[in-house]
Amino acid sequence: MAVTIAARVEPNMSLLLRGGCVVTLDPARRVFARGDVMIEHGQLAAIGERVAAAADETIDCTGCLVLPGLVQAHVHLCQTLARGRADDAPLLDWLRGTIWPYEAALRADDVRAAAELGCAELLLSGTTAILDMGTVHHQDQVFAACARAGIRAASGKAMMDAGAEVPAGLCETTAGSLAESDRLAKEWHGKADGRLRYAYAPRFVLSATEDLLRAVAARGGLVHSHASENRDECAAVRAQTGCDNIEYLERVGLLGGRTVLAHCVWVSERERALLAQTGTSVAHCPGSNAKLGSGIAPVVELLAAGVNVALGADGAPCNNRLSGFAEMRLAVQLQRARAGANALSAQTALELATLGGALALGLGHEIGSLEPGKRADVIVVAADAPTQAPLGANDPHSTLVFATSAAEVRDVIVDGRVCVRERRLTTLALPDVLARARACADRLFP
Ligand SMILES: [Zn+2]
């Protein structure tokens with residue numbers, strides 16, 4: 001049944017995904033038990049039970065699940081080489097003891113190796129779009145790696161013009177941090193056929209001056225930061241600013257529909273209302289929050305307040321995997337552990353991982369669901385693993401969230417380009433990526 005005409009589908013060709021169970025996440029949340037998805041010129045052209053048109057290439061999706069690519073609204077590609085190097089510390093010790101010294105030691109070739117490894121893992125596990133925070137230096141390498149890998153990425157250098165125990169190698173002046181961010185935005189925003197976008201990334205309140213935060217807010221672009229991840233961090237913010245973290249961010253003008261805050265584990269009812277009123281998105285990172293012992297974010301309450309919530313794996317050293325499937329499952333499990341078995345449904349988790357992420361990235365009109373006219377970011381997930389059996393009439397949302405892992409991701413299409421085919425990366429040579437990562441990590445962690 002599989003008809004392969006071209007070895008690699010370029011965005012200007014047409015591609016038909018034939019006969020899979022299509023989970024659209026469109027406004028009606030339609031599911032086609034057996035349906036087709038037609039892609040033309042990098043765009044979704046038709047979705048339905050049977051698309052009659054011919055295509056340059058047809059991929060047989062019989063027995064598979066076809067869905068929008070996962071969107072992760074908080075990752076750190078630059079940290080991938082530190083996976084397994086900081087496993088047992090709370091946030092501020094973790095940052096000051098290992099992660100900041102690691103980032104300060106990164107050379108350009110290290111950042112390249114880390115970003116390529118991160119992109120490879122993300123694509124192979126079904127994530128097609130990310131909001132990424134880099135380190136202070138060598139951010140060009142992150143964008144170049146994303147361009148090569150084929151992933152859709154909003155990213156920006158970390159901005160750090162203040163803070164206790166920040167290594168000298170990461171300390172910036174306010175003007176220098178803004179100037180380098182502006183240069184990078186000019187260089188990369190809109191590149192790679194629009195797949196790359198710039199996001200200003202003040203790391204968190206404890207490493208940013210008020211002047212910096214106000215200047216970032218005044219620029220009007222996408223903003224990506226961390227907030228209220230850990231109780232000690234919240235106490236330090238209160239001591240430094242005289243108010244709670246989210247209230248302070250509102251005071252400096254940083255909340256709004258273009259702002260994404262990772263974590264928001266410790267937010268008061270008033271702060272949750274502020275996030276909702278301003279349209280600020282929260283990137284929920286259940287795996288990272290659990291591993292660092294930070295806590296469990298009040299996702300049920302955030303959603304009830306009307307906050308847009310997305311998911312993210314955060315970095316490799318605090319997770320330690322970058323699988324959107326792992327985060328979806330954990331998100332449901334942790335909310336149910338604290339709020340009961342009806343707290344979060346599998347379908348809601350899938351919505352956070354797709355539509356929520358798309359909205360957070362400012363791309364709600366372009367990605368996050370399978371609808372004609374949107375960009376073709378689509379994944380094909382095999383459904384023949386023992387953990388998924390017997391599939392039968394199971395709810396596909398349940399199968400995807402509770403019973404599917406990264407290993408079942410078969411094909412990954414970003415902007416119409418097949419980046420993973422039959423579980424193999426087509427855009428980067430994985431053995432080379434792994435070898436470079438190993439060599440750089442050996443030097444960084446002798
Ligand atoms: Zn983070």
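FYI, the numbering just counts along the sequence from 1.
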Asker: Is atom CZ of R336 surrounded by more than 12 heavy atoms (other residues, nucleotides or ligands) closer than 6.0 Å?
Answerer: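 More than 12 heavy atoms, drawn from other residues, nucleotides or ligands, come within 6.0 Å of this atom.
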Asker: When rounded to the nearest 0.5 angstrom, what distance separates CG in L359 from CD in E351?
Answerer: 12.0 Å
Asker: Side-chain contact, heavy-atom cut-off 4.5 Å: H263 with N289?
Answerer: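 Result yes, sub-4.5 Å side-chain heavy-atom pair found.
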Asker: Spell out, as yes or no, whether a donor-acceptor pair under 3.5 Å connects the side chain of W266 to the backbone of S294.
Answerer: yes
Asker: Taking only residues two or more places apart in sequence or in another chain, which ones pass side-chain contact (heavy atoms from CB on, under 4.5 Å) with A407?
Answerer: S405
Asker: Using a distance-only test with no angle check, is there a side-chain donor-acceptor pair under 3.5 angstrom linking T404 and Q388?
Answerer: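 T404 vs Q388: donor-acceptor pair found between side chains.
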Asker: Testing Q72, H74, Q79 one by one against D314 for a side chain to side chain donor-acceptor pair (under 3.5 Å), which residue passes?
Answerer: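 In the set Q72, H74, Q79, the residue that makes a side chain to side chain donor-acceptor pair (under 3.5 Å) with D314 is H74.
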Asker: Any sub-3.5 Å donor-acceptor pair from T354's side-chain atoms to L350's backbone N or O?
Answerer: yes
Asker: So which heavy atom on A437 is nearest to which on L117, and how close?
Answerer: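 Looks like CB-CD2, 3.8 Å.
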Asker: For E187, enumerate each residue passing the salt bridge (charged side-chain N to carboxylate O under 4.0 Å, His left out) test, keeping only those at least two apart in sequence or located in another chain.
Answerer: none
Asker: Are E250 and T280 side-chain neighbours, meaning at least one heavy-atom pair lies under 4.5 Å?
Answerer: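 Result no, sub-4.5 Å side-chain heavy-atom pair not found.
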Asker: Under 6.0 Å from the CZ atom of R329, do we count more than 12 heavy atoms belonging to anything else shown?
Answerer: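 Check fails, neighbour count at 12 or below.
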Asker: With no hydrogens and no angle check, is any side-chain donor or acceptor of H76 less than 3.5 Å from a backbone partner on M133?
Answerer: yes
Asker: Using a 3.5 Å distance criterion without hydrogens, assess whether the side chain of D56 forms a donor-acceptor pair with backbone atoms of S14.
Answerer: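 Checked: pair present.
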Asker: Which atoms form the tightest heavy-atom contact between N245 and V237, and what is the distance?
Answerer: CA-CG1, 3.8 Å
Asker: For the residue pair W100 and F204, does the interplanar ring angle fall in the parallel (under 30°), tilted (30 to 60°) or perpendicular (over 60°) class?
Answerer: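 Taking F204 first and then W100, their aromatic rings stand perpendicular (interplane angle over 60°).
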Asker: Please report the interatomic distance NE2(H224) to CG(L361), rounded to the nearest 0.5 Å.
Answerer: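 These two atoms lie 9.0 Å from each other.
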Asker: Would you give the length of the straight line joining atom CG of L400 to atom CZ of F325, rounded to the nearest 0.5 angstrom?
Answerer: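 Answer for the CG-CZ pair, L400 versus F325, is 6.0 Å.
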Asker: So, does E233 use its side chain to make a donor-acceptor pair with the main chain of S228 at under 3.5 Å?
Answerer: yes
Asker: Side chains of C419 and I151, heavy atoms from C-beta outward: is any pair under 4.5 Å?
Answerer: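 Side chain of C419 against side chain of I151, heavy atoms only: no contact under 4.5 Å found.
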Asker: Would you check if there is a donor-acceptor pair between the side chains of N319 and S288 at a distance under 3.5 Å?
Answerer: no
Asker: Determine, step by step, whether R34 and T62 satisfy the side-chain contact (heavy atoms from CB on, under 4.5 Å) criterion, reporting the C-alpha distance in whole Å, the side-chain angles of both residues, the deciding distance to 0.1 Å, and the verdict.
Answerer: CA-CA 8 Å; R34 193 173 163 80; T62 304; 3.6 Å; yes
Asker: Dump the intermediate steps for side-chain contact (heavy atoms from CB on, under 4.5 Å) on L178 and V216, then the final yes or no.
Answerer: CA-CA 8 Å; L178 289 163; V216 165; 4.2 Å; yes
Asker: Grab the two heavy atoms, one from P396 and one from V31, that are nearest each other, plus how far apart they are.
Answerer: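 Where P396 meets V31 most closely, the heavy atoms are CG-CG1, 4.0 Å.
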Asker: Is R203 close to M159 at the side-chain level, that is, under 4.5 Å between some pair of heavy atoms?
Answerer: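 No, side chains not in contact.
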Asker: From I47 CD1 over to T24 OG1, what is the distance, rounded to the nearest 0.5 angstrom?
Answerer: 7.5 Å
Asker: Taking E422's backbone N and O only, do any of them form a donor-acceptor pair with D411's side chain (distance below 3.5 Å, no angle check)?
Answerer: yes
Asker: Of all residues at least two apart in sequence or in a different chain, which pass the side-chain contact (heavy atoms from CB on, under 4.5 Å) check with L124?
Answerer: V420, L425, L430
Asker: For side-chain contact (heavy atoms from CB on, under 4.5 Å), just list the numbers for C146 and L196, CA-CA rounded to whole Å, side-chain angles, deciding distance to a tenth of an Å, and then say yes or no.
Answerer: CA-CA 8 Å; C146 291; L196 303 182; 3.8 Å; yes
Asker: Kindly give the heavy-atom pair with the smallest separation between C78 and T135, and that separation in Å.
Answerer: SG-N, 3.6 Å
Asker: Please tell me if the side chains of L131 and L222 come closer than 4.5 Å, counting only heavy atoms from C-beta onward.
Answerer: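 Yes - at least one pair of side-chain heavy atoms lies under 4.5 Å apart.
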Asker: Roughly how far, to the nearest 0.5 Å, is CG of L355 from CD1 of I367?
Answerer: 10.0 Å
Asker: Between R183 and D140, is there a side-chain N and carboxylate O pair less than 4.0 Å apart?
Answerer: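 D140 and R183: salt-bridged.
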Asker: May I have all residue pairs that pass salt bridge (charged side-chain N to carboxylate O under 4.0 Å, His left out) and include part of residues 295-309, sequence neighbours excluded?
Answerer: E301-R338
Asker: Say you draw a straight line from NE2 of H138 to CD of E103; how long is it, rounded to the nearest 0.5 Å?
Answerer: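 Answer for the NE2-CD pair, H138 versus E103, is 11.0 Å.
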Asker: Does a sphere of radius 6.0 Å around CZ in R423 hold more than 12 heavy atoms from other residues, nucleotides or ligands, not counting ones at 6.0 Å or beyond?
Answerer: yes
Asker: Under 3.5 Å, is there a donor-acceptor pair linking the side chains of N308 and S281?
Answerer: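 Judged by distance alone, the side chains do pair up.
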Asker: Minimum heavy-atom separation for H284 and V309, please, with both atom names.
Answerer: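 Where H284 meets V309 most closely, the heavy atoms are CB-CG1, 3.8 Å.
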Asker: Do F32 and V66 come close enough that some side-chain heavy atom pair is under 4.5 Å?
Answerer: no
Asker: May I ask you to say whether D36 pairs ionically with R18, meaning some side-chain N is under 4.0 Å from a carboxylate O?
Answerer: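 Judged by the 4.0 Å cut-off on N to carboxylate O distance, D36 and R18 do form a salt bridge.
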Asker: Any sub-3.5 Å donor-acceptor pair from Q347's side-chain atoms to L25's backbone N or O?
Answerer: no
Asker: Show every salt bridge (charged side-chain N to carboxylate O under 4.0 Å, His left out) that has at least one partner inside residues 255-279, sequence neighbours left out.
Answerer: E247-R270
Asker: Passes side-chain contact (heavy atoms from CB on, under 4.5 Å), I413 versus L17? Steps please.
Answerer: CA-CA 11 Å; I413 296 146; L17 306 177; 3.9 Å; yes
Asker: Going by side-chain contact (heavy atoms from CB on, under 4.5 Å), name the residues that satisfy it together with D182, two or more places apart in sequence or in a different chain.
Answerer: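 D182: side-chain contact (heavy atoms from CB on, under 4.5 Å) contacts with Y200, R219.
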Asker: Between the side chains of K157 and E180, is the shortest nitrogen-to-carboxylate-oxygen separation below 4.0 Å, so that they form an ion pair?
Answerer: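 So E180 does not pair with K157 through a salt bridge.
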Asker: Checking D377 side chain against V414 main chain: does a donor-acceptor pair fall under 3.5 Å?
Answerer: no
Asker: Any sub-3.5 Å donor-acceptor pair from K291's side-chain atoms to P317's backbone N or O?
Answerer: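 Here the side-chain-to-backbone pair exists.
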Asker: Side-chain contact test, heavy atoms from C-beta onward, threshold under 4.5 Å: evaluate it for R195 versus R375 and give yes or no.
Answerer: no
Asker: Keeping the roles fixed (side chain from T426, backbone from V418), state whether a donor-acceptor pair exists under 3.5 Å.
Answerer: yes
Asker: At their closest point, which heavy atom of S155 faces which heavy atom of G134, and how far apart are they?
Answerer: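 Looking at all heavy atoms of both residues, the closest pair is OG-N, 4.5 Å.
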Asker: Would you say I39 and L44 make side-chain contact, with heavy atoms under 4.5 Å?
Answerer: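 Sidechains of L44 and I39: in contact.
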